[in-house]
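Working notes for the structure below.
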Amino acid sequence: MISLSTAAHPAAAYTAHPLGPAVTLHHLSTDRFKTARLSLTLVQAADATASPLMTLLFGVLRRGSTHYPTLAAFNRRLDELYGTTLTIRNYLHGDRHVICFTAEMLEDAFLPAHDRERPLSTEVLSLLADLLLHPLTDETGRLRAGAVESERQSLVDSLRAIRNDPRVYAGDRFRCLMCPDEPYGLSIGGTEEQVAAITPDEVTAFWRHLLAETRCELFYVGRTSAADLAAAFRSSFTDFCPGRAPLPPTIPHPVPASPQWIEEEMPIGQGKLCLGWSSGLHHATLDGPADEAALLVANELLGVMQGSRLFRRVREERGLCYYCDSALDLTKGILWVACGIRPDRRAEAETAIRAEVEAIAQGQIEPSEVETAKLSLLNSYRQLPDSQGAMESHCLRALLNDTASDPSVMANAISSVTVADVARMMACFHLDTVYFLKGTAEQSEEEDEHD
């Protein structure tokens, strides 16, 4: 049993319970909230063909099931369950494609007495089973052509809309250019041409394949016992028996022989500059939590916390960009910086950003910077018990990254990080890709103020 707790709040006890060869219940028992959170998470290997099908499929499934044939009927059922909400998240985690159905509901203890006989968690599991296992089909058992066509058009519209948000577009484009031959570099929605060519037969075949071979992680944060949840799951998901499915692998991005510089143009006012560094590191090559903690601290002081190097020196002191922040992906061993700049300041901004990364790698760091970064990170760990979503996300990341589930392990490692540790780990990173989305239109005051 693992405890997610702080000195100020009682613990949330975490236990894992296998429900089948490829299904595990991750149970976080806590009585701190008046609501419960239940997430059904499916994990597949990201794939140029399968990922667009997976994205499209879950749009189709939302459009109707045997018991709730329309979206209106489905929403009415959620209202009947005391305003239960259901969201679907679709994203990449390293080289894995993750789909997550998340329901948030009232705790049974706060329901009227006459509605406590059948727990809300049981009702929600039944609803999820209907959505996933019993979608509307035609007389041949194929997913409805009309639903596939409608969702196909919706997905194409979404892909086109990405270009309307240059910041998002630049980030996606940068990732694809930096990792062109890796699942991590894929667009999980595919291309417009791919989506337009998908047929109802293909979506149906993929749906059946998914039910037979997917890896399923069930997360629950609340008061219902693990035994009751396991019984409710087995009762509702009797037709869901995927075979043994280990987590698909994810591999570190290799360090290239030399960096690449890529420039594209778009009729926007503000340029978008992205710089990526690769290390070849992976959780399996790190020296446990100590190395991971040092990487987290390095990223925090570089471009995450409010007083980060990029914020103070590049944005505030030199005024080179409208925003500038960094991110770290430990699943791929990649560090990147994204910023919005005036197109004519591209070279100056790139030089300044690279200088900050190199300075940290050379140990040109004030001890106070490291201490501030450590306090910032530790505060986020202390806040874990305040959010059901944060607790679930922490456990899911630990599972997918094969790292310690107990946050106190990482918190203790962070507390021990030194200036030398930060410099040592930052020195592992080498410039990989520089991508510039050059704005060719005059920038408006509104765009400047927005960023």
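None of the values given here were measured: they were computed from a predicted structure. Both backbone and side-chain heavy atoms feed into the values below; hydrogens, waters and symmetry mates do not.
By the 30° and 60° cut-offs, the orientation of the rings of Phe233 relative to Phe240 is perpendicular.
Rounding to the nearest 0.5 Å gives a distance of 10.0 Å between CE of Met305 and OG of Ser326. Atom CD1 of Ile360 and atom CG of Leu302 lie 4.5 Å apart (nearest 0.5 Å). Between the OG atom of Ser258 and the CG atom of Leu431 there is a distance of 10.0 Å, given to the nearest 0.5 Å.
The existence of a salt bridge linking Glu182 and Lys332 is confirmed by a sub-4.0 Å separation between a basic side-chain nitrogen and an acidic carboxylate oxygen. Between Glu202 and Arg142 there is no salt bridge, since none of the side-chain N atoms of the basic residue sits less than 4.0 Å from a carboxylate O of the acidic one.
Partners of Glu192 by salt bridge (Lys or Arg N to Asp or Glu O under 4.0 Å), not counting sequence neighbours, listed by chain and number: Arg160. In this view, Glu217 and Arg215 satisfy the salt bridge (Lys or Arg N to Asp or Glu O under 4.0 Å) rule, not counting sequence neighbours. In this structure, the salt bridge (Lys or Arg N to Asp or Glu O under 4.0 Å) partners of Arg152, at least two apart in sequence or on a different chain, are Glu149. Residues forming a side-chain contact (heavy atoms from CB on, under 4.5 Å) with Ala293 (at least two apart in sequence, or on another chain): Met410, Ala413, Ile414, Val417.
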I'd like a table of donor-acceptor pairs (distance under 3.5 Å, sequence neighbours excluded) in which one partner is a side-chain atom from residues 173-180, with atom names and distances.
from: Arg173; atom 1: NE; to: Glu264; atom 2: OE1; distance (Å): 3.2
from: Arg173; atom 1: NE; to: Glu264; atom 2: OE2; distance (Å): 3.0
from: Arg173; atom 1: NH2; to: Glu264; atom 2: OE2; distance (Å): 2.8
from: Arg175; atom 1: NH1; to: Tyr184; atom 2: O; distance (Å): 2.7
from: Arg175; atom 1: NH1; to: Leu186; atom 2: O; distance (Å): 2.7

Under 3.5 Å, side-chain donor or acceptor atoms of residues 421-429 against the rest of the protein: list the pairs with distances, not counting sequence neighbours.
from: Asp421; atom 1: OD2; to: Thr418; atom 2: N; distance (Å): 3.0
from: Asp421; atom 1: OD2; to: Thr418; atom 2: OG1; distance (Å): 3.0
from: Arg424; atom 1: NH1; to: Asp291; atom 2: OD1; distance (Å): 3.2
from: Arg424; atom 1: NH2; to: Asp291; atom 2: OD1; distance (Å): 3.3

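Donor-acceptor pairing under 3.5 Å is recorded for the side chains of Thr15 and His17. Counting only N and O atoms by type, the side chains of Asn90 and His97 include a donor and acceptor under 3.5 Å apart. With 3.5 Å as the limit, one finds a donor-acceptor pair spanning the side chains of Arg89 and Thr102. There is no side-chain donor-acceptor pair under 3.5 Å between Glu104 and Thr84.
The heavy-atom pair separating Leu133 from Ser236 by the smallest distance is CD1-O, 4.4 Å. Nearest heavy atoms, Pro256 versus Asp432: CD-OD2, 3.2 Å. Heavy-atom minimum distance, Arg354 versus Leu275: CG-CD2, 3.7 Å. Nearest heavy atom pair, residue Ala170 against residue Lys272, reads CB-CB, 3.6 Å. Taking each heavy atom of Leu132 and Leu61 in turn, the nearest pair found is CD1-CD1, 4.0 Å.
Remark: aromatic rings of Phe58 and Phe101 are close, center separation under 6.0 Å.
A heavy-atom distance below 4.5 Å is not found between the side chains of Ile99 and Thr41. For the pair Cys339/Gln270, no side-chain contact is recorded, criterion being any heavy-atom separation below 4.5 Å from C-beta on.
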Before giving the answer on side chain to side chain contact (heavy atoms under 4.5 Å, CB included), spell out for Val337 and Trp277 the whole-Å C-alpha distance, their side-chain angles and the decisive distance to 0.1 Å. CA-CA 9 Å; Val337 171; Trp277 290 259; 3.8 Å; yes

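Annotation: Asp201, atom CG; neighbour count of heavy atoms from other residues, nucleotides and ligands within 6.0 Å is above 12.
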